[in-house]
Each structure stands twice: as structure tokens, then as C-alpha cells.
Amino acid sequence: MSKDIKIKKGLNIRLKGEADKTISNAPRSRTFSIRPSDFHLITPKMVVKEGAKLQAGDTVFYAKANEAIKFVSPVSGTLTKIERGAKRVITELVIEAEPQDTYKDFGVADPSSMQPEAIKQHLLAAGCWPFIKQRPYHVIANPDSTPKAIFISGYATAPLAADYDVTLRGKEKQLQAALTALSKLTEGKVHVSVGKTGVSPFEGLKDITLHTVSGPHPAGNVGVQIAKIDPVNKGETVWTVNAQDLVIIGDLLLTGKFNAERVIALVGSSVKTPKYYTTKIGAEVATFLYDSGLTEENVRVISGDVLTGKQISVKGNLGFYNNTVTVIPEGDDYEFFGWNKPVFDKISTSRALTFSWLFPNKKFELDTNTNGEHRAFVVTGNYEEVFPMDIYPLQILKACMVEDLDAMEALGMYEVAPEDFALTEFICVSKQPHQEIIRKGLDLMYKEIG
């Protein structure tokens, strides 16, 4: 199969507020947060109590269903708060950080000379296993299984997403160590996809099969790349790893330390000077938010991109898997007769009332207003225009809603994750929560079949 992937279906959402390609160090965060909700279907079992002193890399909790999967502290400090919600479910762990980090030493490891089981145990002990996810079900990978292949996307096409060519610059040693380790955990290949243009840090690395990708969003989604390279069938498993998480895995192997450092892109039309910051997982976003400054007060802060991210407060914390923080105007104002006049400042795939198609290179300043209300599905055929996978999007959404497991299997549910439906949700005239529908469908399949 060709190593060039060309995507024709999709939609590029061009927004104002792209980050300047310079990297600054974010001020040290006073507190760091771990949210168990970032780890889907994981029930945490605590191993430390409030007031415990922690080093970076110390285990804070493990997964109730599999004690081997551990979650560790990103920094050294004191566990000051364990927040609980309904039925005493743990919602957040707050760590008050020390001025300088001290690290738990897991020992330097040479992946080229290690056996697969030794690599697994090393990643599990140091808390790096949660970076590895599996399809089907889009959950943390089962360490007892062996995937047919591992996929990594080094090409970001989501609106204002962090550019991997910037965030991974100078990290080739860590990337190579992580990729060599992962190559021993699969019977197949480690597939890495990069943009057709630009100079990627993945070029020239060993133990991978390199693919070039071109086309509109969602060309950068790893699910689209899996579908084009080696689709997931019933009974098969593939693993995926975010490109930036490879750096943390590589650091562990090269230094023996769990270094939760991450380069994030602070973007959005409400940010005065959008740029890249070096920070750590779970840091307070306010540390770099106010460093760049806001153009207005009534904003929405999103940990992630505008399509798949999670809303947090201005005093909230960076999510475990996120490398983008987006700030856009809050859409709490409404236009009088907005449905009955020509529109030039909104994006739409339809040419009925919106004239954005006249300006293909224009960048828009969008807010959070949905410009409509929730209603039953309207069959327009628009989903297929932006959905490049060989799946019927409307039919699979309806199968999930009625919990028809047979239809979900037949329609390709094993291949998808919620993020694959972010673009269909964005253009949906019915304002249906596509990602939530797919997530519930995957959870049902995991419970009944997985």
C-alpha cells in the first residue's frame, strides 16, 4: 500500500489566534491537578492520603480493574486535596508543588536490548502506560494484549492545534527511544504519519514506517490514518500514542525519570499574544494565560482544541492528554433574525445563507454560540462531505442511539473514536452531540462485548 495518504473529504476551520512559533517557559504553577475523568472507564484506587509528600513519578492511584496500570504525580509536592463528587467518586486530586522537582528514579533502560515484557513492566511502573490507548473502544490499552500495529499521528489539522514540527523540535533522541520500545510491543509495524510539507522530527528515525498525509481536517486524526493504512476489524486491536507523549516515554527510558514536561500552544482570538509555552501536565492554565493576556473578560477556556477539548475555568488545569489551550469569546448573545439574513462571518458547508465559501483563505473569529437548537436528525447528506472514513456516519450514530449492537458492529464501530465525529458534530444542523453519542455507544460495546 502506498505510504502517501491523500484525504479529499473534510473541512479546514480557519480561526484567528494561531500561535507564534516561539517557545517560552511558563511560570511555575503553584498547584497541579490530576482528574480521573481524563482516563475513561478507569476507577481510581488511592495509594496515598491527603497530606502525603510526593516525588515526581510517585504512584498516586492505580486502576481498580488492573492494579498494574498506575497513575503518578507530575511534580514533587504535597497532595493537599482529594475532591469527591456524587457517590464519593474522586473528581480531582490537587498537588501543591515544591519550587523545584525531585524525581523518583526508575533506572535508565536501553529499549534496543530489552525484551517486550521488560519494556511493559518499565512503562507500567513509571506511570507511562496511560499514554497508550487502544482501538476498539478508545480506552487505555490492555497491557496483557498484543496489538497488530501501533499508530502515531505527527500531523495536526484540528483548528489552531499545536504544530508537532514545533513542539517536538530537538526531541529526536527521546522520540527514537520511545519508538524503539514501542516497536517491540507489536507483532506488526509502528506507523507514523507526518505532513507532506514541512520538516518533521520523525524523518530519519528508525523502527517506524513513515507515511505522508495531505488534505483537510480530519486528515491529522489518527483514526483516519488507521482507516487508510490498516483498518481495525472485529477481534483485532491497534494501539495509538499521542506524538508529544512519546517524549515523556523517551525521557523515562533515557534518564529513568517521569518528566511530565509538555510544550503547549496557547491559541484563540481572545488571546493577545498566542504562542507556545513549556509547562507540565496538570498545570494551572492561568500561569501562562495571563502571561500572554486576554483581549476580553467574557471568554471560554478550552483544554484542547475547539472541536474535541473540554471547557475549564480560567483558574482550571491542563488536561492529561492536551497540548493546546484555546480561548475564544463566549457566545451568550443572540442575533435578532440571525437566521434570515446573509452571513459573512461564520463557517458553513452550505451555500444557502452563509457566504464563507467566497473567502477560502479567510480566518474567522468564532464564539461558542451554536446558532441553533437541538432537534431530531435532519437528513442533509452533509456528514458524508466531511467524513473521510469508509463508514456511514448518520447510520452509525442512529445505531448507537437505539443501542443496536449488531448494527454498530456491521457499520464499523470498532474503528472509531469520538474525535472522528467532531467535524460532523460541528456542521450538524440538528445540533446533535455526535461525540457523546459515539462515546456512549463504545461504552455499551465495551460492557457487552469487550
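Note that the numbering runs from 1 along the sequence shown for the chain. As the structure is a prediction and not an experimental result, all values here were calculated from the model. The figures that follow rest on heavy atoms only: side chains count, while hydrogens, waters and symmetry mates do not.
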Validation row: [X], [Y] side chains within 4.5 angstrom (heavy atoms):
X: Val241; Y: Leu182; result: yes
X: Ile226; Y: Pro231; result: no
X: Gln225; Y: Val213; result: yes
X: Tyr290; Y: Val314; result: yes

Between [X] and [Y], does the ring centre distance come in under 6.0 Å?
X: Phe39; Y: Phe71; answer: yes
X: Phe421; Y: Tyr383; answer: no
X: Phe202; Y: Tyr164; answer: no

**OP:** Determine, step by step, whether Glu419 and Arg135 satisfy the salt bridge (Lys or Arg N to Asp or Glu O under 4.0 Å) criterion, reporting the C-alpha distance in whole Å, the side-chain angles of both residues, the deciding distance to 0.1 Å, and the verdict.
**Re:** CA-CA 13 Å; Glu419 66 177 17; Arg135 296 200 185 192; 3.4 Å; yes
Original post:
Are a donor atom and an acceptor atom from the side chains of Gln176 and Glu172 found within less than 3.5 Å of each other?
Top reply: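 No pair is found: no donor N or O on one side chain lies under 3.5 Å from an acceptor on the other.
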Original post:
Do Thr237 and Gln134 get their side chains close enough for a donor-acceptor pair, meaning under 3.5 Å?
Top reply: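 No - no donor-acceptor pair under 3.5 Å links their side chains.
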Subject >> side-chain contact (heavy atoms from CB on, under 4.5 Å) partner of Gln432, chosen from Arg375, Glu425, Met401 >> reply: Met401
Original post:
Knowing that exactly one of Ile264, Val263, Thr324, Val247 qualifies, which makes a side-chain contact (heavy atoms from CB on, under 4.5 Å) with Thr167?
Top reply: Val263
Starting at [atom1] of [X], measure out to [atom2] of [Y] and round the result to the nearest 0.5 Å.
X: His434; Y: Leu423; atom1: NE2; atom2: CG; answer: 10.5 Å
X: Glu236; Y: Tyr414; atom1: CD; atom2: OH; answer: 11.5 Å
X: Glu415; Y: His138; atom1: CD; atom2: NE2; answer: 14.5 Å
X: Leu307; Y: Thr424; atom1: CG; atom2: OG1; answer: 10.0 Å
X: Thr43; Y: Asn66; atom1: OG1; atom2: CG; answer: 12.5 Å
X: Ser153; Y: His211; atom1: OG; atom2: NE2; answer: 11.5 Å

Main-chain N/O of [Y] paired with [X] side-chain donor or acceptor, under 3.5 Å:
X: Thr326; Y: Gly304; value: yes
X: Tyr276; Y: Asp163; value: yes
X: Ser430; Y: Val378; value: yes
X: Thr287; Y: Glu284; value: yes
X: Asn317; Y: Gly282; value: yes

Subject >> Ser73 and Asp58: CA distance, side-chain angles, deciding distance, side-chain hydrogen bond (donor to acceptor under 3.5 Å, both in side chains) verdict >> reply: CA-CA 6 Å; Ser73 174; Asp58 278 341; over 6 Å; no
Please identify each residue that fulfils side-chain hydrogen bond (donor to acceptor under 3.5 Å, both in side chains) with [X], with sequence neighbours left out.
X: Arg439; value: His40, Asp443
X: Glu261; value: none
X: Asp305; value: Thr308

Original post:
Given the rule in the salt bridge (Lys or Arg N to Asp or Glu O under 4.0 Å) test, do Glu18 and Lys363 qualify, once you have shown the distances and angles that lead to the verdict?
Top reply: CA-CA 10 Å; Glu18 183 178 354; Lys363 292 186 177 181; 3.2 Å; yes
**OP:** Show your working on ring pair (Phe, Tyr, Trp, His ring centres under 6.0 Å) between Phe387 and Tyr392 and close with a plain yes or no.
**Re:** CA-CA 9 Å; Phe387 195 79; Tyr392 295 113; 10.0 Å; no
Do the side chains of [X] and [Y] get close enough for a salt bridge, i.e. N-O under 4.0 angstrom?
X: Arg14; Y: Glu365; answer: no
X: Lys257; Y: Asp105; answer: no
X: Glu409; Y: Lys234; answer: yes

Non-hydrogen atoms of [X] and [Y] that approach each other most closely:
X: Ser113; Y: Lys184; value: N-NZ, 3.9 Å
X: Ala177; Y: Pro111; value: O-CG, 3.5 Å
X: Leu11; Y: Val386; value: CB-CG1, 4.0 Å
X: Ala97; Y: Val75; value: CB-CG2, 4.1 Å
X: Ala181; Y: Leu253; value: CB-CD1, 3.8 Å
X: Ile437; Y: Leu397; value: CG2-O, 3.6 Å

Original post:
Would you call the rings of Trp129 and Trp239 parallel, tilted or perpendicular if under 30° counts as parallel and over 60° as perpendicular?
Top reply: perpendicular
Original post:
Tyr446 vs Tyr137 aromatic rings, parallel, tilted or perpendicular, using cut-offs 30° and 60°?
Top reply: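 Geometry flag for Tyr137 against Tyr446: perpendicular rings.
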Original post:
Can you check side-chain hydrogen bond (donor to acceptor under 3.5 Å, both in side chains) on Thr209 and His191, steps first, answer last?
Top reply: CA-CA 5 Å; Thr209 300; His191 297 279; 4.6 Å; no
Mark yes when over 12 heavy atoms from residues, nucleotides or ligands other than [X] sit less than 6.0 Å from its [atom1]; otherwise mark no.
X: Glu296; atom1: CD; result: yes
X: Lys275; atom1: NZ; result: yes
X: Lys431; atom1: NZ; result: yes

**OP:** For side-chain hydrogen bond (donor to acceptor under 3.5 Å, both in side chains), just list the numbers for Ser292 and Tyr277, CA-CA rounded to whole Å, side-chain angles, deciding distance to a tenth of an Å, and then say yes or no.
**Re:** CA-CA 10 Å; Ser292 281; Tyr277 283 97; 2.7 Å; yes
**OP:** For the pair Asp101 and Arg28, evaluate salt bridge (Lys or Arg N to Asp or Glu O under 4.0 Å) and give the outcome as yes or no after the intermediate values.
**Re:** CA-CA 11 Å; Asp101 287 325; Arg28 173 78 167 179; 2.8 Å; yes
**OP:** Kindly determine whether Asp251 and Lys173 satisfy salt bridge (Lys or Arg N to Asp or Glu O under 4.0 Å), including the steps that lead there.
**Re:** CA-CA 9 Å; Asp251 260 331; Lys173 288 184 179 180; over 6 Å; no
Original post:
After noting the C-alpha distance and the side-chain angles of His217 and Thr157, does the key distance pass the side-chain hydrogen bond (donor to acceptor under 3.5 Å, both in side chains) rule?
Top reply: CA-CA 5 Å; His217 185 64; Thr157 55; 2.8 Å; yes
